[in-house]
Amino acid sequence: MTGDPGALAKTASAAYDAALEVIASVEPRVAEATRKELADQRSSLKLIASENYASPAVLLTMGTWFSDKYAEGTVGHRFYAACQNVDTVEALAAEHARELFGAPYAYAQPHSGIDANLVAFWSILANRVETPALERLGAKNVNELSETDWEELRHEFGNQRLLGMALDAGGHLTHGFRPNISGKMFHQQQYGTDPETGLLDYDAVAAKAREFKPLVLVAGYSAYPRRVNFAKMREIADEVGAVLMVDMAHFAGLVAGKVFTGEENPVPYAHVTTTTTHKSLRGPRGGLVLAQEEFAADVDRGCPMVLGGPLSHVMAAKAVALAEARQPAFQTYAQNIADNAKSLAEGFNSRGAKLVTGGTDNHIVLLDVSSYGLTGRQAESALLDSGVVTNRNSVPQDPNGAWYTSGIRFGTPALTTRGFGHDEFDTVADLVHEVLSHTTPGTNKAGAPSKATYRLADGVADRVQARAQEMLDKNPLYPGLELT
Ligand code: DSN
């Protein structure tokens, strides 16, 4: 950010006051909930690994008349008139993304991570299935296909294979999980992690890929607390003739901030890379696709192939956030995210807690709460009672399944934005340990053991909240932003 932070905070305060007054004149309950959301976020320890706090500049950019504009198509090639200003912001978002990540091509339209992944899947299918089939059938595009040809093409689309990381190993549901469309549109198989270490076993991934021969090999995770070697994943993809797609939604901030470099930076190795823009990247809620030139034209067909009209106000905010991420200060922020995750993991380890893989080298710490005799659901609720906001998560081969789970996932991006460092994260580990070691499983109405109910010893929530508040007060959210 350039300019005097104090003066900018004052200006932002006036802007939000004015906005809330205008909103309240129509629906005061929305204005009230908006105020309350800020107060709630300010007074809790936000440790959800996929959340962050975007800057006032990013937030304010989303609240404009760009929201009113339709702009299906691509920059300079729209299905609607008068898109000159949308062209400006979309081109800026794409330019910042290309420069920041060193990608040949960037597409800023996806509304979310799942949309970005859908765009990527369809671009890969178009590039590797549709185009060769059209050539073989002597057609320029699908409109020239006969009914029989079209049937054949549909069959080819429907018979493609995808290999992704299993959900309970830390993968994401869009990486081929059965209840997600990715698990229905592809024949899918999953790779897991080593049962002893919890770490990715590249030889096992390679063996599975040789046997399954997927069209798409997906790398990336939402709950794996370790770095991935993308050079090795590309080698596996090349050996079996697969396209390497990397979903870096969780760790895009660590790539942008040059914490993940060399073989840990997916962008040069993946054919197509997807991300969200609101997690460690600290932008607006949205998605982004980066691609090698070979896939650019197919990614560009994302809207209207699988996306509705672009959210121009969000693309404008992506441009602002990506500009922020290109500042040197973002590299310091990204390094702090990773250092703080280590501090949190050490804090847990020194208190005897059990971590999946034993630690972390990214922004995630995955705590196995079975060592406290709890399910993830019980632990998540007891922590929330104490002002600690986390989410429950499966651990590898989780005996409690994806609903109750045995894990709690912690992430450091949000509190790092607030200014937390080593000592604060050690205290966070202490507070979590205090809550969990004073929580006992409850019973259901029939008196049988329950995976959901729990009892938190008296006084613990208040004690933990008071200690958390001290740290929160010292590290204010949006310093200087005061609503009247
Ligand atoms: N909701 C995101 C996360 O928490 O990881 C992924 O969908």
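In each ligand, atom 1 is the first atom listed, and ligand 1 is the first ligand listed.
In summary, the side chains of Gln465 and Gln469 do not present any donor paired with an acceptor at a separation below 3.5 Å, with no hydrogens or angles considered.
Comment: Asp339 does not engage Lys342 in a salt bridge, judged by the lack of any side-chain N to carboxylate O separation of less than 4.0 angstrom. Of the charged side-chain nitrogens involved, at least one lies within less than 4.0 Å of a carboxylate oxygen, so that Arg467 and Glu434 count as a salt-bridged pair.
Of all the heavy atoms of Glu51, none lies under 4.0 Å from any atom of ligand 1, so neither backbone nor side chain is involved.
In this structure, Lys208 is not positioned above the aromatic face of Tyr191 in the sense of NZ or CZ being under 6.0 Å from the six-membered ring centre and within 45° of the axis.
The atoms of ligand 1 that sit less than 4.0 Å from any heavy atom of Arg409 are 3 (C), 4 (O), 5 (O). Near His172, meaning under 4.0 Å from one of its heavy atoms, ligand 1 places the atoms 6 (C), 7 (O). Residue-ligand proximity, Ser222 to ligand 1, at heavy-atom distances under 4.0 Å covers atoms 5 (O). Atoms of ligand 1 lying under 4.0 Å from any heavy atom of His250, numbered from 1 in the order shown and given with element: 3 (C), 5 (O).
In terms of protein heavy atoms, atom 2 (C) of ligand 1 is closest to Lys279 CE, 3.8 Å.
For atom 4 (O) of ligand 1, the nearest non-hydrogen atom from the set Gly113, Ala249, Ser50 comes from Ser50.
Pairs engaging residues 356-380 under the salt bridge (charged side-chain N to carboxylate O under 4.0 Å, His left out) rule: Arg226-Asp361, Lys354-Asp368, Glu380-Arg392 [sequence neighbours left out].
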All N/O donor-acceptor pairs, side-chain side in residues 216-225, below 3.5 Å, sequence neighbours left out:
residue	atom	partner	partner atom	Å
Tyr221	OH	Asn362	ND2	3.2
Ser222	OG	Gly171	O	3.3
Tyr224	OH	Leu200	N	2.8

